[in-house]
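Written out below as structure tokens is the structure these notes cover.
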Amino acid sequence: DAGVIQSPRHEVTEMGQEVTLRCKPISGHNSLFWYRQTMMRGLELLIYFNNNVPIDDSGMPEDRFSAKMPNASFSTLKIQPSEPRDSAVYFCASSFLRPGEKLFFGSGTQLSVL
Amino acid sequence: KNQVEQSPQSLIILEGKNCTLQCNYTVSPFSNLRWYKQDTGRGPVSLTIMTFSENTKSNGRYTATLDADTKQSSLHITASQLSDSASYICVVSAGGNKLVFGAGTILRVKS
């Protein structure tokens with residue numbers, strides 16, 4: 001298995017533009033997580049899905065952020081409109097939904113909003 | 001409030017030396033504790049998991065300990081190598097799917 005695949009690896013955009021981040025989880029995993037990582041705040045959970053259904057989106061900072069999981073093999077995180085404070089590394093992770101199960105992370109998308 | 005505190009914030013050691021990273025947590029209920037290693041430009045990778053009943057667990061040159069009474073864990077790295085340079089993140093599972101992340105310790109191993 002190739003692991004969790006994220007694209008793009010790097011994204012540079014201007015304030016106000018729409019940004020879409022993509023994730024392909026490991027085949028067979030039933031849970032998918034979106035995290036944001038910054039130096040100041042470390043890793044923060046934005047949202048997670050179980051069997052393609054959003055379970056907890058309390059970490060989504062505001063309405064500018066939205067996430068979808070149309071099927072078991074694909075998810076997107078969209079920011080519209082983007083702002084400079086959204087600049088961070090966004091990680092997607094997948095796992096089996098069992099308490100304490102380890103997460104498999106993708107390599108992340110480095111987002112810079114100018 | 002559920003919190004995970006890691007120390008030191010950063011650490012520089014010479015290749016071949018040992019080091020110990022600390023993790024203190026106030027998480028309830030406690031399910032388990034994981035140490036993740038995050039290389040620069042990569043996502044975190046799980047090194048080891050500690051459950052309530054485990055005191056010590058080794059994974060090669062990495063040895064994790066857990067004291068559930070004092071709510072402390074440590075990660076000891078023996079005979080460090082340049083490839084150990086990374087951020088080490090302590091993650092505590094609060095039951096269910098609630099994970100509490102520490103801010104990480106940045107380790108740099110110098111030759």
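Convention: sequence-line order gives letters A, B, ...; per-chain numbering from 1.
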Which atom of Phe105(A) lies closest to which atom of Pro44(B), heavy atoms considered:
CD1-O, 3.3 Å
If I take atom CG from residue Leu99(B) and atom OH from residue Tyr35(A), how far apart are they, to the nearest 0.5 angstrom?
4.5 Å
Indicate if Phe52(B) and Val91(B) have the same hydrophobic cluster label, given that clusters are the connected sets of ILVMFWY residues with side-chain heavy-atom separations under 4.5 angstrom.
no
Please look at Arg42(B) and chain A and tell me whether the side chain, the backbone, both or neither of the residue comes under 4.5 angstrom of a heavy atom of that chain.
both
Close side-chain approach of Tyr36(B) to Lys102(A), heavy-atom, < 4.5 Å
yes
Is it the case that atom CG in Asp63(A) sees more than 12 heavy atoms from other parts of the structure closer than 6.0 Å?
no
So for Arg9(A), is it side chain, backbone, both, or neither that comes closer than 4.5 Å to the heavy atoms of chain B?
side chain
Can you name the side-chain hydrogen bond (donor to acceptor under 3.5 Å, both in side chains) partners of Arg22(A), sequence neighbours left out?
none
Checking heavy atoms, do the side chain of Leu43(A), its backbone, both or neither come under 4.5 Å from chain B?
both
Can you list the residues of residues 106-114 of chain A that sit under 4.5 Å from chain B, counting heavy atoms only?
Gly106(A), Ser107(A)
Under 4.5 Å to a heavy atom of chain B? For Gln37(A) that would be side chain
Quick one: do Met50(B) and Leu75(B) end up in the same hydrophobic cluster if we chain Ile, Leu, Val, Met, Phe, Trp and Tyr together by side-chain heavy atoms under 4.5 Å apart?
yes
Contacting region of Leu103(A) [heavy-atom separation from chain B under 4.5 Å]:
both
Drop me the distance from Ile106(B)'s CD1 to Met39(A)'s CE, to the nearest 0.5 angstrom.
5.0 Å
Same cluster (ILVMFWY, side-chain, under 4.5 Å), Phe74(A) and Ile26(A)
no
Can you tell me if CD on Glu14(A) sees more than 12 non-hydrogen neighbours from other groups inside 6.0 Å?
no
With a 6.0 Å cut-off (strictly less than), is the heavy-atom count around CZ of Arg64(A), excluding the residue itself, greater than 12?
yes
Tell me whether Leu47(B) is reachable from Phe91(A) by hopping between hydrophobic residues (I, L, V, M, F, W, Y) whose side-chain heavy atoms are closer than 4.5 Å.
no
Please classify the contact between Tyr48(A) and chain B as side chain, backbone, both or neither, with a heavy-atom cut-off of under 4.5 Å.
side chain
Would Val100(B) end up clustered with Leu21(B) when hydrophobic side chains under 4.5 Å apart are linked, directly or stepwise?
yes
For the atom pair OG (Ser46(B)) and CD (Glu101(A)), what is the distance rounded to the nearest 0.5 Å?
9.5 Å
